[in-house]
Each structure stands twice: as structure tokens, then as C-alpha cells.
Asks: 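Handing you a structure now.
Just so it is clear: chains get the letters A, B, ... in the order the sequence lines come, proteins before strands, and each one is counted from 1.
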Number of protein chains: 2
Amino acid sequence: MDMMTAPAPAKRPRGRPRKTAEEASDGNRRDELIRSAARLFRRRGFEATRTRDIAEAVGMRSGSPFYHFETKQALLFAVMEEGMKRAVARQQQALDAVAGQPPLAQLRQLIRQHFEVLLGPGNDFIPVMLYESRAITPRQRATLARLQGDYEALWLPVLAALHQAGRLHGELKLARLLIFGALNWSVQWYDRRKGASLDALADAALALFTGSSE
Amino acid sequence: MDMMTAPAPAKRPRGRPRKTAEEASDGNRRDELIRSAARLFRRRGFEATRTRDIAEAVGMRSGSPFYHFETKQALLFAVMEEGMKRAVARQQQALDAVAGQPPLAQLRQLIRQHFEVLLGPGNDFIPVMLYESRAITPRQRATLARLQGDYEALWLPVLAALHQAGRLHGELKLARLLIFGALNWSVQWYDRRKGASLDALADAALALFTGSSE
DNA sequence: CCTACCGATCGGTAGG
DNA sequence: CCTACCGATCGGTAGG
């Protein structure tokens, strides 16, 4: 497929083209915007972040991000959707790697990978999704809810197995919500520079929830 | 004390008096502002809330909140400080009521009261503190940290006792952080209208953390 | 993707 | 606490 001779986009609304996620021919600039936006949204919050700052962070002029995204909010949503898709894929892979192992080991893997997505270097996408969902539309929220459902589905069999085996106590649905809370809140207090390792975190969480010390 | 003949405030900086927390002679308007601000800050976030909306919610004109608070940020901080002071006082009382009872019962009480402060009707102060602390100054944050230390101090002996008794697993400091996370995150998902009762929540949390089913 | 720009909003203020 | 107001900012746009 020769991309140089590809026909121009069918319609150029008001003479200003705008890339969609699909036609990511030179999507590197778009990706740079998403990455920079994620970092700033996480650090300062969505409302307090100026699109000018995002532009400057990637060496663009103030109006140029709107060549790639219709609105600031669309950029926020792109961060969230992109982050969630990656998180599901990564978690799926991590879980595949421990298939066949006992539920306790699988839960440990899920927790470890979850901390990675939340606290690992450069992983700003999911924290933004967790803490800025107020700023997106109900329609966008619904799209994310579907991805979040996929993510949760990876945990459910493992949690159910542990619950049935008596290693996880309390009503299962509430236990799940409380567990995610315990993990997600780490975004608020974890300090990569001086805190415990993500492995130590995972150990502590597993111990707390299941009484296990392995 | 005759408040009608009280002397005028010593200095009126630039002819515009402003009440401090101390001289709350007619602090009811001030309190109304704090309450309304708390509700709006919680619902929309600090940055997305207009001071005009807060004013309107208490029947004031757009500029009038600045008679009571120097800045929008000062109003935010007042919400947080007020909320934290109340939370400490309430939790202290709740704990006194179960003094002498076993640690498990005390933890259940602490958790139950914590959910009340987070999710009870009209309790918007602490959620705002938890989710908007990015917007205050380091100095203000330090003041809050002291109050949060007081709050935490109520939990520490109880958690330590359970940990030593083998009812709480994992490194104690991390366990504490994870527990607070599990509880605090409920602000994100709990729905007063259709969710479980706060008692059911407390039961589930206690069971999850300690394996207890009472 | 840049230049040049604008309308609207919003925190905050002077003076009473 | 109101009236009347303002400076600055900021998301977004037309046209190339």
C-alpha cells in the first residue's frame, strides 16, 4: 500500500483536516500530544492544565493541538481510552503467563501488574482515567465502562475461586470494590523515589486480602 | 457579652472588612458558603466550580463571597480544615464509645464511622479534601497533614493490636495505607440511593481485612 | 501545523 | 453584602 499516493480525505470540514484514531499515518505527533497531555493532566488535573502547556511540551504553537483533537476534552478522552486499552492488553498477557497456576499466584500477578499500570514510570494514563472521569461526557464514560468491564472480567474468576476456597472474606462484590480501591488509592501516596518496591506493595496487598504471606 | 455594642474591627484593609475564623459573629453566612462550596466542589471539582455558582447557591451576588474569603482557594481550604476537624472529633467520640471492647470491635467502629464521614448525607467536606488537595498550597497542606496525623493516630493502636494478634497481615504501614485506600475509594462508586447500607459496607471491609465475619 | 486573532468567562476589586 | 466593573486567561477558530 503506497501511502504517498493515497487520496485526500473525503471531506475537509471548514478547510481544517483532523486526524481520527484510524488514519494515524503520522500519528507520532498525535501520540506525543497524548503522552504529554497525560503527564500534565495527572500532575495538575484536567481543568488546571492549559492546552497551551500541552502544545509547548511537544514544541507546537498554542492552536496546533486542535489540528489533532477537536476539543481539549477529546484529548482527555483519548488519554483514557488509549490507557485503558493498553491496560487490558497488558493484564491479559500477564495473566496468560501464569495460567494453570493456583488462584493465589494469579491474584498476586494481577495485583503486581495493576500496580505497574498505576505507578510504573511513564504510566500516567490510568491515573488520569481514575481521577478525571468527571470531565468526560456520559457517552464517553459508557465507552470506558465497557473497557473497564473487560479489565474486571480478568479478575472475576480468580477472585471467585479464592472466595469459594475461603481465602477471601466478605461479600464478593464489595470485596472486589474494596480491593480495587486499596490498589487505586496508591496513586495518592506512592512515591517512586523513596517508597517500597512494587513487588513489596503487591506482597502487602496480597497478605492483607488473603492472609497469605507468600 | 453585648454583641451590639462591640467595637468595630481594628483595621479595615482597603476599606473591605473580612471575617477570620475566630470572629465568627455572624458566621452563619460564612458557614453557608462553606457548605455550598463543599457540595459544588465535590460534584464538579474545585477548578470547574465558579465562585458565582457558590454565591448563587446561598443567594448572594457574584462578588460577595470575597467579603468572607480572600480567594477561592481560601474557601477550599476552609472546607477541608473544617471537615477534618469535625472528622477527628466524631471519630474520637465513636472510639470512646467502644473503649475497652476488643480491637476487632474497635476497628469495626472506626471503619463504620469513616464510611459515615465519607458517604453520609451532607458530608461533602472530606471527599473534597481527599480529591482536591492538589489545589491548595504546601503550607495549607502541612496544616491538614497535622490534622490527618491526629486522625490516623486514632487507628494506629487498634491496627497494631490486630496485627500483633495475627488478625491483620502484611507490613503494618502498607496495610494501613491500603486499608484507607479501600475505604476512601468508596467515594467513587458508592451510591446512597441503591447501594448497600453503610453497615453492610463496614462488615465487608472488616471481613476482607481481618477474615472476620462478625 | 503556524499566524493572528477573538469571544466568553472568571476570579477578584473599588467604593459604598 | 451589593453595584459595577476590569484584566487576564483560555479554549478554540479562520485561513493559509
Asks: Of all heavy-atom pairs between B:Ser133 and B:Ile136, which one has the smallest distance, and what is that distance?
Replies: O-CG1, 3.3 Å
Asks: Write out all pairs satisfying salt bridge (Lys or Arg N to Asp or Glu O under 4.0 Å) with one or both partners inside residues 45-66 of chain B, taking only residues at least two apart or from two chains.
Replies: B:Arg44-B:Asp53
Asks: Stem finding on DNA chain D, please: runs of three or more consecutive Watson-Crick or G-U wobble pairs, both distances under 3.5 Å, sorted by first number.
Replies: C:1-16 with D:1-16
Asks: Can you name the side-chain hydrogen bond (donor to acceptor under 3.5 Å, both in side chains) partners of A:Gln91, sequence neighbours left out?
Replies: A:Tyr151
Asks: Round to the nearest Å and state the distance from B:Leu76 atom CG to C:dG12 atom C1'.
Replies: 17 Å
Asks: Who are the side-chain hydrogen bond (donor to acceptor under 3.5 Å, both in side chains) partners of B:Arg176, not counting sequence neighbours?
Replies: B:Glu152
Asks: Side chains of residues 181-192 of chain A: which donor-acceptor partners sit under 3.5 Å, not counting sequence neighbours?
Replies:
| residue | atom | partner | partner atom | Å |
| --- | --- | --- | --- | --- |
| A:Asn184 | OD1 | A:His114 | NE2 | 2.8 |
| A:Asn184 | ND2 | A:Phe180 | O | 3.3 |
| A:Ser186 | OG | A:Leu183 | O | 2.6 |
| A:Gln188 | NE2 | A:Tyr131 | OH | 3.4 |
| A:Tyr190 | OH | A:Ala196 | O | 2.6 |
| A:Asp191 | OD1 | A:Arg193 | N | 2.9 |
| A:Asp191 | OD2 | A:Arg193 | NH2 | 3.3 |
| A:Arg192 | NH1 | A:Leu119 | O | 2.5 |
| A:Arg192 | NH1 | A:Gly120 | O | 3.1 |

Asks: With B:Gln92, which residues qualify under side-chain hydrogen bond (donor to acceptor under 3.5 Å, both in side chains), at least two apart?
Replies: none
Asks: Just grab all the salt bridge (Lys or Arg N to Asp or Glu O under 4.0 Å) pairs involving residues 115-133 of chain B, residues at least two apart or on different chains.
Replies: A:Arg134-B:Glu132, B:Arg42-B:Asp124, B:Arg112-B:Glu116
Asks: How long is the line joining CD of A:Glu56 and P of C:dC2, in whole Å?
Replies: 12 Å
Asks: Can you tell me how far C1' of D:dG12 sits from CG of A:Leu75, to the nearest Å?
Replies: 14 Å
Asks: Test of understanding: with ring pair (Phe, Tyr, Trp, His ring centres under 6.0 Å), list the residues that count as partners of B:Phe46, not counting sequence neighbours.
Replies: B:Phe41
Asks: More 5' along DNA chain D: B:Ser62 or A:Ser64, using each one's nearest nucleotide?
Replies: B:Ser62
Asks: Protein-nucleotides 7-11 of chain C N/O pairs closer than 3.5 Å?
Replies:
| residue | atom | partner | partner atom | Å |
| --- | --- | --- | --- | --- |
| C:dC10 | OP1 | B:Arg50 | NE | 2.6 |
| C:dG11 | OP1 | B:Thr49 | O | 3.3 |
| C:dG11 | OP1 | B:Lys72 | NZ | 3.3 |
| C:dG11 | OP2 | B:Thr51 | N | 3.0 |
| C:dG11 | OP2 | B:Thr51 | OG1 | 2.8 |
| C:dG11 | N7 | B:Arg52 | NH1 | 2.8 |
| C:dG11 | O6 | B:Arg52 | NH2 | 3.3 |

Asks: Once you round it to whole Å, what is the distance between P of D:dG12 and CE of A:Met60?
Replies: 16 Å
Asks: Without decimals, in angstroms, what is the distance between B:Tyr67 OH and C:dG16 P?
Replies: 17 Å
